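Computed from a predicted structure; not experimentally measured. Reminder, nothing fancy here: chain letters follow the sequence lines and each chain counts from 1.
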Number of protein chains: 2
Amino acid sequence: MGAANRLAELASPGHTGKTRGGEANIERILDAALAVFAMDGFAGARIDAIAERAGLSKPNLLYYFRTKADLYLAVLRRTLDMWLVPLAEMDTQSDPVAALTGYVTRKLEYARDFPEASRLFAMEVMRGAPILHTILENDLKRLVTSRAALLAQWMDAGHLPRRDPKHLLFLIWATTQHYADFAAQVKALTGQSLDDPGFFGEARRAVLLAVLGRS
Amino acid sequence: MGAANRLAELASPGHTGKTRGGEANIERILDAALAVFAMDGFAGARIDAIAERAGLSKPNLLYYFRTKADLYLAVLRRTLDMWLVPLAEMDTQSDPVAALTGYVTRKLEYARDFPEASRLFAMEVMRGAPILHTILENDLKRLVTSRAALLAQWMDAGHLPRRDPKHLLFLIWATTQHYADFAAQVKALTGQSLDDPGFFGEARRAVLLAVLGRS
DNA sequence: GTCTATAAGCGGATAGAC
DNA sequence: GTCTATCCGCTTATAGAC
């Protein structure tokens, strides 16, 4: 996973990064920024709000990240790193049903545990992915192509219902991330969320039925 | 559909609405506003950009909609009106497979023809639906409950694979709207979009396989 | 109804003390 | 490294002529 690793290093473009307290601050700033950017988008996010949430002053935040755009970029990179892990790790050795079951389960756990990361990523893509489009076209595309080939093999062997593998991946992403991105709607309609174990199980079974063609 | 109709009237809160040219302007403003809000979000949208796209000056736009928030509200209402139509119209008389096939197809056509409306709606929900949450909890919830009951009947009769009807609806929304909301990612990975008839067919078949359990 | 000019305020970024 | 105070551009919204 070239992109993910390549992106991880430059958390703090503005300084040497040698201090202890500074590194802890950077983590808190990135956490705060994720929450605010995911809620209000890049334009709507206020540096004051991020700084307050991170427990420092606005000029002090700007000491670590010179501009709002720098901060947004850092958050996006850190998020993408994490976001691509499940697909990269999808078990290619074990049997198809177990591998896909594990992948769907992992994706739902991510949607439950990191809904803000999901929404940040969604907002970036909905804007036309101005920052991420190169990574999507190169690294993610390579990964998807290899996984699609694997899925096609499994379909040939009769382990999965035959369908276009790319669209199967889109279906898994769309359905699992829906519970994070549209959590407000899901909550309004059902009163529940993935935090309820029973609801998590319902969602998991529904997605797996669609993916595997059977429970 | 109480909500949808109830929302339609107050396109132009600021004035009498008697003039001919004025009504045409309002339509052009709403079209322009949809495009800009869907791309940049509420905070990122610039009134200048909307006015220019609509072909009039910024103060003139503000003659029709007193504030940016009024304009956003009007666009959202008009969009929701349209957005709920397919579910409301899902044919309850014809046989289950035909009704669901028609619904999926219609939703995909909407995703193809009105991707900006899909993204505007998605952004509002991702923000926690501050404007729409009452409508989601009341009108949409009623509609969903009735449709879920219908789907449960069809499952009881053996026409559809048994699964939680609510999650089946979420799956249909998530998968179809994915091709609009994540169009940039789909394009980066496949080079295609729903505008390509072949790709539209692939997507449709993939979704229908998941919904019906067979092609 | 439509415009030009302008007011008013917000928010990103900087200066400089500690 | 962290703060207070402040600058300055940008954007919404208004005033008022046509």
ask   = Between C/dA13 atom P and A/Y64 atom OH, what is the distance in whole Å?
value = 18 Å
key: Gap between atoms NZ and P, on B/K68 and C/dC10 respectively (whole Å)   = 14 Å
request  = For residues A/I172 and A/V104, determine if any side-chain heavy atom of one lies less than 4.5 Å from a side-chain heavy atom of the other.
outcome  = yes
key: For atom CG of A/L71 and atom P of C/dA13, their distance in whole Å   = 10 Å
Whole-Å distance separating the CG atom of B/L62 from the P atom of C/dT4 = 14 Å
query = If only side-chain N and O atoms of B/R46 are considered, is one of them under 4.0 Å from the OP1 or OP2 phosphate oxygen of D/dT12?
reply = yes
task = Could you check whether B/I47 gets within reach of a base, just the sugar-phosphate, or nothing at all, counting any heavy atom under 4.0 Å?
result = sugar-phosphate
inquiry  = Once you apply a heavy-atom cut-off of 4.0 Å, does B/A45 come out as touching a base, just sugar-phosphate, or nothing?
reply    = sugar-phosphate
ask   = Which whole-number value in Å describes the distance from A/L61 CG to D/dC3 P?
value = 11 Å
ask   = So, do A/P165 and A/R147 sit near enough that their side-chain heavy atoms are less than 4.5 Å apart?
value = no
ask   = With respect to the phosphate group of D/dT14, does any side-chain polar atom (N or O) of B/Y63 fall under 4.0 Å of OP1 or OP2?
value = no
task = Using only heavy-atom distances, determine whether the side chains of B/Y64 and B/E23 contain a donor-acceptor pair under 3.5 Å.
result = no
ask   = Under 4.5 Å between any side-chain heavy atoms of A/R204 and A/K107, yes or no?
value = no
query = In whole angstroms, how far is the C1' atom of C/dG12 from the CG atom of A/D70?
reply = 13 Å
message = Against the six-membered ring of B/Y179, is B/R112 placed for a cation-pi contact (under 6.0 Å from the centre, within 45° of the normal)?
response = no
inquiry  = In whole Å, I'd like the distance from the OH atom of B/Y72 to the P atom of D/dT11.
reply    = 19 Å
ask   = Counting only N and O atoms by type, is there a donor-acceptor contact under 3.5 Å from the side chain of B/R106 to the main-chain atoms of B/E89?
value = no
task = Check DNA chain C against residues 52-60 of chain A and give the residues with a non-hydrogen atom under 4.0 Å, in numerical order.
result = A/K58, A/P59
message = Please determine whether salt bridge (charged side-chain N to carboxylate O under 4.0 Å, His left out) holds for the pair B/E27 and B/R78, giving the CA-CA distance in whole Å, both sets of side-chain angles, and the decisive distance to 0.1 Å.
response = CA-CA 10 Å; B/E27 283 306 306; B/R78 187 233 227 170; 3.0 Å; yes
